[in-house]
Amino acid sequence: MSETASISINGKSHELPVITGSENEQAIDISKLRDVSGAITLDPGFKNTGATKSAITFLDGEQGVLRYRGYPIEQLAEKSTFLEVAYLLIYGDLPTTETLSDFRNKISRHTLIHEDMKKFFDGFPSKSHPMGQLSCLVGALSAFYPESLDPNPSEEDENLTIMKLLAKMPTIVSWIYKKSLGHPVIYPRNNLNYVHNFMNMTFGQITEDIDIDKSVVSAMHKLLILHADHEQNCSTSTVRIVGSSNANLYASISAGISALWGPLHGGANQAVIEMLENIKNDGGDSAKWLAKAKNKNDPFRLMGFGHRVYKNFDPRAKIIKKACDDVLDKLGIDDPVLEIAKELEAAALKDQYFVDRKLYPNVDFYSGIIYRALGFPTDMFTVLFALGRLPGWIAQWKEMKANKEPIGRPRQVYTGDTKRDYVPLDQR
Ligand code: ACO
């Protein structure tokens, strides 16, 4: 017999179905709760609320497990490429040699962006934050591809929109960077692989050919793979909820980019480096900053620490910490901020405050140090996160459409004034 949960309210008892996922996660299905009882559930921050059933990413926060479509993140980060992982997330299985080559070819045909879009880049003040620009430019793609506005596209048209977005995103990201420097943009080169092409557009020069070191390209693949999906986090839930109104893919992803920008989410990678720099400039006293993070009267939080779901360790942080050592070693970089990061991590892991609250370094704690070593300025870090997260957002948007999920529309418990009559201005 299938499991049920009982709830008793206003003297009446109701049986609710219990759903079990493929990894034995249990959820009480409350979709009929209001109909039968008149009550709703209240769960600020959705700490206990499953918004959907999803077959894309599995994570177990207690055990530190993360799998894309069943494949452990450690194996994918070690053996796969970013485009292969993108295919896996979006279409459900690892591609064959033939399907991967077809996927790569199709994407390479759409890497250019409409020449008129260059005017957008020119319109931004040179110091405007890349995340604001990215969100705006991705949303603007819908203006150039109006066929993407069809809420019920054919499979072929939907795939075309997906390819265009995957193809144009690296061009947009690198052009944002080039414009911030006042440098001429570098056009995509279709003979280079996805990540190499991105690095070439970002660090290449119009005046000379630049060799991008293999180890740099490989580190970038790893970072993008580690960021590619993370089930129903803040930005992904945003993408799904915006898409549930039948908003087009570009608009939905643009909203996800805005959600990712916040320092409690993807913006933490920028905030971590800024914090480490502050600690260094302040004399490098980790204990003083740990004390600040623990002080409830101080709004400061240890950036790159803590996670809504991981309560033991973040498997991505483990891989990134190792990659960070490797990259710095290979590039011969001695970054004093890495030492501070290691000291801070060691001190926090021993500190009762962090132990009691199960606060561990998350994916953002070390990623900024690698990005910096690769030559990216701090305000580009969150944009790189968005580049990595793109296939995950697309996969989640596609799944939401395929499942024909209803429009996302949470309820509330109203706590404002009860009915009162309007008082004319001269009588108030
Ligand atoms: N520094 C100090 N204290 C912290 C930290 C931190 N980084 N994170 C959580 N806490 C404390 C809280 O103050 C709270 O303490 P209390 O129980 O005494 O009130 C307790 O730990 C629980 O924290 P919540 O904020 O309730 O946990 P939540 O799951 O809502 O937040 C979050 C998770 C937002 C990631 C939080 O840990 C945080 O702000 N971390 C710093 C920002 C960061 O690194 N974000 C990146 C997350 S990974 C990602 O999005 C890619």
Side-chain angles (χ1 to χ4, degrees), residues 42-49 57 59 61-62 64 66 68 73 77 131 223-239 256-279 286-321 340-341 344-371 378 381-393 396:
L42 180 66
D43 185 20
F46 311 120
K47 292 192 177 190
N48 304 279
T49 298
T57 287
L59 74 87
E62 274 70 37
L66 173 62
Y68 298 160
I73 191 65
M131 281 300 273
L223 283 166
L224 295 175
I225 290 171
L226 291 173
H227 286 89
D229 195 50
H230 212 236
E231 53 118 299
Q232 310 310 315
N233 55 81
C234 177
S235 57
T236 302
S237 302
T238 302
V239 169
I257 292 167
S258 297
L260 187 74
W261 191 358
L264 295 188
H265 190 15
N269 57 13
Q270 172 173 350
V272 168
I273 287 290
E274 287 167 355
M275 172 188 80
L276 294 173
E277 281 287 350
N278 283 341
I279 298 177
S286 328
K288 175 178 161 190
W289 288 76
L290 270 193
K292 252 170 93 60
K294 295 190 288 184
N295 180 355
K296 291 288 167 205
N297 298 318
D298 189 329
F300 173 75
R301 278 189 168 197
L302 201 57
M303 299 315 288
F305 255 79
H307 195 275
R308 171 59 62 79
V309 184
Y310 292 121
K311 300 297 175 196
N312 192 348
F313 69 94
D314 179 340
R316 302 166 300 173
K318 245 186 168 176
I319 301 171
I320 288 188
K321 185 177 180 185
I340 293 180
L344 202 58
E345 180 190 352
L349 292 179
K350 280 192 287 196
D351 191 291
Q352 208 52 43
Y353 173 97
F354 289 87
V355 172
D356 287 348
R357 289 166 183 77
K358 300 187 166 87
L359 302 170
Y360 297 88
N362 59 49
V363 68
D364 291 321
F365 195 66
Y366 285 103
S367 63
I369 298 175
I370 310 189
Y371 290 142
T378 318
F381 294 177
T382 316
V383 171
L384 299 172
F385 191 151
L387 183 63
R389 185 53 55 88
L390 182 65
W393 285 333
Q396 300 273 352

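Since the model is a prediction, treat every value here as computed from it, not as a measurement. First listed ligand is number 1; within each ligand, the first listed atom is number 1. Quick note: residue numbers are just sequence positions, from 1.
Using modelled atom types and a 3.5 Å distance limit, the side chains of Trp393 and Ser235 yield a donor-acceptor pair. With no hydrogens or angles considered, no side-chain donor-acceptor pair links Gln396 and Glu231 at under 3.5 Å. Asp43 and Asn48 share a side-chain donor-acceptor pair at under 3.5 Å. For Tyr310 and Glu62, the side-chain atoms include no donor-acceptor pair closer than 3.5 Å.
The part of Arg357 lying near ligand 1 is the side chain, judged by heavy-atom distances below 4.0 Å. Under 4.0 Å from ligand 1, the heavy atoms of Lys296 that appear belong solely to its side chain. At a heavy-atom cutoff of 4.0 Å, ligand 1 is contacted by the side chain of Asn362 but not by its backbone. In Asn233, neither the side chain nor the backbone holds a heavy atom less than 4.0 Å from any atom of ligand 1. For Val272, no heavy-atom contact with ligand 1 is shorter than 4.0 Å. The side chain of Lys47, and not its backbone, has at least one atom closer than 4.0 Å to an atom of ligand 1 (non-hydrogen atoms only; side chain from C-beta on).
Residues Ser286 and Leu344 approach most closely at CB-CD1, 3.5 Å, considering heavy atoms. The heavy-atom pair separating Leu290 from Ala347 by the smallest distance is CD1-CB, 3.6 Å.
Contact annotation for atom 2 (C) of ligand 1: protein present (non-hydrogen atoms, distance under 4.0 Å).
Nearest protein neighbour of atom 25 (O) of ligand 1, counting heavy atoms only, is Arg301 NH2, 3.0 Å. Atom 4 (C) of ligand 1 has its closest protein heavy atom at Leu359 CD1, 3.6 Å. Counting protein heavy atoms only, atom 48 (S) of ligand 1 is closest to His307 CD2, 3.6 Å. Looking only at heavy atoms of the protein, atom 50 (O) of ligand 1 is closest to His265 ND1, 2.9 Å. Ranking the protein heavy atoms by distance from atom 7 (N) of ligand 1 puts Leu302 O, 2.7 Å first. From the protein, the heavy atom lying nearest to atom 35 (C) of ligand 1 is Gly306 O, 3.6 Å. Shortest contact from atom 45 (N) of ligand 1 to any protein heavy atom: Leu264 O, 3.0 Å. Closest to atom 29 (O) of ligand 1 among all protein heavy atoms lies Arg308 NE, 2.8 Å.
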Could you go step by step and tell me if Lys288 and Ile279 meet the side chain to side chain contact (heavy atoms under 4.5 Å, CB included) rule? CA-CA 9 Å; Lys288 175 178 161 190; Ile279 298 177; over 6 Å; no
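No N or O atom of Met303 sits closer than 3.5 Å to an N or O atom of ligand 1. Residue Gly304 has at least one nitrogen or oxygen atom sitting less than 3.5 Å from a nitrogen or oxygen atom of ligand 1, judged on distance alone. The shortest N or O to N or O distance between Phe305 and ligand 1 is below 3.5 Å.
Below 4.0 Å from some heavy atom of Asp364 lie the following atoms of ligand 1, by number and element: 46 (C), 48 (S), 49 (C), 51 (C). Residue-ligand proximity, Ala293 to ligand 1, at heavy-atom distances under 4.0 Å covers atoms 2 (C). Taking a cut-off of under 4.0 Å to the non-hydrogen atoms of Ala268, the atoms of ligand 1 that pass are 43 (C), 44 (O), 45 (N), 46 (C). Remark: ligand 1 atoms within the under-4.0 Å shell around heavy atoms of Tyr353 are 2 (C), 3 (N), 4 (C), 11 (C), 13 (O).
Ring orientation note: the planes of Phe381 and Tyr371 are tilted relative to one another, at an angle of 30° to 60°.
Taking the six-membered ring for Trp and the full ring otherwise, the centers of His230 and His265 sit at least 6.0 Å from each other.
Using a 4.0 angstrom heavy-atom cutoff, Phe385 counts as in contact with ligand 1.
A donor-acceptor pair is defined here as one N or O able to donate and one able to accept, closer than 3.5 Å; no such pair exists between the side chain of Asn269 and the backbone of Asp364. Judged by distance alone, the side chain of Tyr360 and the main-chain N or O of Asp314 form no donor-acceptor pair under 3.5 Å. Remark: the backbone N or O of Leu223 is paired with a side-chain donor or acceptor of His227 at under 3.5 angstrom.
A cation-pi contact, defined as under 6.0 Å to the ring centre and within 45° of the axis, is absent between Arg301 and Phe305. A cation-pi arrangement is absent between Lys321 and Phe365, since the terminal nitrogen or guanidinium carbon is not both under 6.0 Å from the aromatic centre and inside a 45° cone about the axis.
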